[in-house]
Visitor: 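My structure is below; once you've seen it, I'll send some questions.
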Number of protein chains: 2
Amino acid sequence: MEFTIARGEVYLRISAILILVLAACLIAFDTQTKVIVFTIEKKATYKDVNALKILVYITSVAAGYNMLQLCKHSAWAYSGSKFERSYISMAWISLLLDQMAVYITFASNSAALEASVLAITGSQTFEWIKLCNRFTRFCSQIGGAMFCGYVASFIMALISTISAYRVFRMYSPKLYTVSE
Amino acid sequence: MEFTIARGEVYLRISAILILVLAACLIAFDTQTKVIVFTIEKKATYKDVNALKILVYITSVAAGYNMLQLCKHSAWAYSGSKFERSYISMAWISLLLDQMAVYITFASNSAALEASVLAITGSQTFEWIKLCNRFTRFCSQIGGAMFCGYVASFIMALISTISAYRVFRMYSPKLYTVSE
C-alpha cells in the first residue's frame, strides 16, 4: 500500500512536470505574424500579454519545484526513514508548498484565461477589438496551453492530497498504514 | 482550547461573510457615467466585464456558503457531539467544501484582477485603449473590491486550516485535544 502510493506520487509528479513544461513551451514558442495593411506586419507573441508572461514564469517554477520534490523523494527512498523527527517537519513543509503551488498555478491560469476570453470576445463597451479572428492559430495554441495548465493544476491537487495523507498517517499510524 | 478554536472559527466566518458581501456590493453598485463627445454618454457598470459579473456571483455564493456553515456550526454546538460517526463525515465534507470555496474565490478574483490590469494599462500591441484614465472612480472602487476579495480568500484559507485541524483531531484525540 505504502509502496503503491509512493510510486503513484512519483508518476503524478513526473506527469505534472511534463504537462507544465509542455504548457510553458506552448506559450513561449507561440508566435504569429499577420499582414495588416500592405507591408505593415504585426507579430503576436506571449510577451504582449502580461498574464501570459507571468504564466510562463509560474509554470516553469512549478515544474522546477516538482522536479526538486522528486529528487527529495528519491533521496528519502534510498536513505530510509530513520530520521523520524525531520521526516515529520518535511511532510508538513511538503504539504504547505504543494498547496501553495496548486493555488498559484490555478490562479495564474485563471488570470490568463480571463485575458484570453477578452481576446476572443473583445469588449464592445470598452471598444476593445477582437483579436482571435486575426490571430487564430496563436489563440488556439494558447487555448491548448490553458488546457494543459488546468490538467497540471488538477494533478498537483491530487499530489497535495497525497502529501496531506502523509502528514495524517504520521499522527495515526494504525488507521492509515497497511503492513508492507 | 477547543472552545477558543470554535469561537475563532465563528468570528472568522462572520468576518469572511461581511467582507465578501462588501466586495460584492462594491462591484455591483459601481457605476460611472462619462460624457464622451457632446451629448454622447457612456456608462460603465460591472456588467461590461464578464469577469466582474462572475466575481459578483461567486462572492455572493461564497458568502451564502459561509452563512450555511455558520448555521450548521451553531446547530452542532447546541446538539452536542453525540453522533460521532456523522460528525466525522461532516468534518470531511466541511474541509472539502472549504477548500473548494477558497480555490474558486481566489481564482475568480485573479481573473477579475487580470481584466482590471488590462483596463488600467491597456495593450498597445492589441490596440486596446486604457479605460481607467476615463473612469477613474469606477476603477478605484473595483480595486477596493479586489482587495476585499483577496482578504476574504485569505480568511477562508485560515478557516479551511481550522477545518483540516478538526479532521486531524478526530483521528488522534491525544495529540490535539486539551481537556476542557
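Note that the coordinates shown come from a computational prediction; the quantities given were computed from them, not determined experimentally. Naming: A, B, ... by sequence-line order, numbering from 1 per chain.
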Visitor: If I measure from the heavy atoms of chain B, does A:V117 come under 4.5 Å with its side chain, its backbone, both, or neither?
Guide: neither
Visitor: Could you check which of B:A115, B:A157, B:A44 has the highest count of heavy-atom pairs closer than 4.5 Å to chain A?
Guide: B:A115
Visitor: Measure the shortest side-chain to side-chain distance between B:R137 and B:D30 over non-hydrogen atoms and say whether it is less than 4.5 angstrom.
Guide: yes
Visitor: Where does B:L118 contact chain A at under 4.5 Å (heavy atoms): side chain, backbone, both or neither?
Guide: both
Visitor: Considering only heavy atoms and a distance below 4.5 Å, find which of A:V102, A:N109, A:N50 pairs most often with chain B.
Guide: A:V102
Visitor: Which atoms form the tightest heavy-atom contact between B:A152 and B:I19, and what is the distance?
Guide: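 Looking at all heavy atoms of both residues, the shortest contact is CB-CG2, 4.0 Å.
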Visitor: With A:L18, which of A:L20, A:L22, A:I14 fulfils side chain to side chain contact (heavy atoms under 4.5 Å, CB included)?
Guide: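 Filter result, single survivor: A:I14.
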Visitor: What are the two closest non-hydrogen atoms of B:T105 and B:S153, and how far apart are they?
Guide: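 Scanning both residues, the minimum pair turns out to be CG2-OG, 3.8 Å.
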